[in-house]
Student: 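Sharing a structure, written as structure tokens. Questions coming.
All values reported here derive from a predicted model rather than from experimental measurement.
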Amino acid sequence: MKIRAVLGAGLLLVALAVHANPDEALQTREMALAAQLRCVVCQNQTVAESHAPMAADMRREIRVQMEQGRSDAEVVAFFERRYGAFVRYNPPWKPSTWLLWGGPFVVVIAGLLLLRRTLRRRQAPPPALSDAQRQQVQAWLHQSDGKEQP
């Protein structure tokens, strides 16, 4: 009788462990997917990191779709259709996302070119005066010398 009770309890624990394991695997998969998606409210955090109500809704939707048997790629595609490529924390390299990938580099290069041009202008010596300009300056200086003396 005791053996049956111990075996029954053991089988119950095994059944609970087997039942809990898929849930744990599903939760791990859900968090991995949530880390790949951007919170559409915060925009600088992943869905896994964000505490915004929208991020909680997105995590719930991920869970529902996974329970329905959808693959990771299908879940990400669902969110991409709904919110655009921006929802992916690391958007794929394709023509519609070139601006996301290349924009920061273009801005940095443009800034460096502008800085270079500005520094070159500062280093350039002032243009030399022509003979006519020198004579005009000398005339002004002589005129001002005469006016300042009483």
Side-chain angles (χ1 to χ4, degrees), residues 1-137 140-141 144:
M1 207 52 152
K2 286 184 179 181
I3 293 175
R4 280 188 178 177
V6 170
L7 285 174
L11 288 175
L12 180 63
L13 287 174
V14 169
L16 286 174
V18 167
H19 182 67
N21 195 17
D23 188 48
E24 206 172 287
L26 189 66
Q27 185 176 5
T28 303
R29 217 175 121 212
E30 173 190 348
M31 291 312 289
L33 265 178
Q36 293 177 19
L37 298 173
R38 181 184 312 273
C39 176
V40 293
V41 174
C42 308
Q43 295 187 1
N44 63 343
Q45 290 182 320
T46 64
V47 172
E49 297 169 336
S50 177
H51 297 291
M54 183 66 174
D57 291 344
M58 291 174 77
R59 284 190 297 270
R60 224 174 289 116
E61 184 63 33
I62 290 170
R63 179 69 160 221
V64 166
Q65 289 197 19
M66 291 178 128
E67 287 172 349
Q68 292 174 355
R70 296 208 172 117
S71 70
D72 292 0
E74 290 173 327
V75 175
V76 170
F78 167 79
F79 282 103
E80 199 170 350
R81 278 191 308 274
R82 181 176 260 183
Y83 301 109
F86 182 74
V87 78
R88 294 180 80 171
Y89 210 70
N90 291 319
W93 180 257
K94 59 183 184 180
S96 63
T97 61
W98 284 354
L99 184 60
L100 288 173
W101 284 104
F105 297 108
V106 170
V107 169
V108 167
I109 290 170
L112 289 173
L113 290 173
L114 181 65
L115 178 65
R116 180 180 170 201
R117 190 181 93 197
T118 304
L119 291 176
R120 281 193 173 184
R121 281 187 178 175
R122 283 187 181 176
Q123 291 176 353
L129 296 176
S130 68
D131 288 335
Q133 290 173 331
R134 280 195 187 125
Q135 288 174 1
Q136 189 176 16
V137 168
W140 287 338
L141 288 173
S144 66

Student: Within the 4.5 Å heavy-atom criterion, are Leu37 and Ile62 side-chain neighbours or not?
Tutor: yes

Student: Answer yes or no: are there more than 12 heavy-atom neighbours, outside Asp131 itself, under 6.0 Å from its atom CG?
Tutor: no

Student: For the residue pair Arg38 and Tyr83, establish whether any side-chain heavy-atom pair is separated by less than 4.5 Å.
Tutor: no

Student: So which of Arg60, Glu74, Arg70, Glu30 actually passes side-chain contact (heavy atoms from CB on, under 4.5 Å) with Gln65?
Tutor: Arg70

Student: Below 4.5 Å, heavy atoms only, C-beta onward: do Met58 and Val40 meet side chain to side chain?
Tutor: yes

Student: Kindly compute the distance separating CD (Glu49) from CE (Met31), expressed to the nearest 0.5 Å.
Tutor: 9.0 Å

Student: Under 4.5 Å between any side-chain heavy atoms of Val75 and Glu61, yes or no?
Tutor: no

Student: Distance from Arg59 atom CZ to Cys39 atom SG, nearest 0.5 Å?
Tutor: 8.5 Å

Student: Decide if atom CG of Leu114 counts as having more than 12 heavy atoms of other residues, nucleotides or ligands within a radius under 6.0 Å.
Tutor: yes

Student: Considering all heavy atoms of both residues, which atom of Ala48 and which atom of Ala35 are nearest to each other, and what is their separation?
Tutor: CB-N, 3.9 Å

Student: Suppose we screen for side chain to side chain donor-acceptor pair (under 3.5 Å). Which residues come up paired with Arg134, at least two apart in sequence or across chains?
Tutor: none

Student: With sequence neighbours left out, write down each residue that passes side chain to side chain donor-acceptor pair (under 3.5 Å) with Arg29, or none if nothing qualifies.
Tutor: Asp72

Student: Under 6.0 Å from the six-membered ring centre of Phe79 and within 45° of its axis: does the NZ or CZ of Arg88 meet both?
Tutor: no

Student: Under the rule for side chain to side chain donor-acceptor pair (under 3.5 Å), what residues qualify as partners of Gln135, not counting sequence neighbours?
Tutor: none

Student: Could I get the full list of salt bridge (charged side-chain N to carboxylate O under 4.0 Å, His left out) partners for Glu67, not counting sequence neighbours?
Tutor: Arg63

Student: Under the salt bridge (charged side-chain N to carboxylate O under 4.0 Å, His left out) test, which residues partner Arg82, sequence neighbours left out?
Tutor: none

Student: Who passes side chain to side chain donor-acceptor pair (under 3.5 Å) against Gln36, sequence neighbours left out?
Tutor: none

Student: Search all heavy atoms of Gln45 against all heavy atoms of Cys42 and return the closest pair with its distance.
Tutor: OE1-SG, 3.5 Å

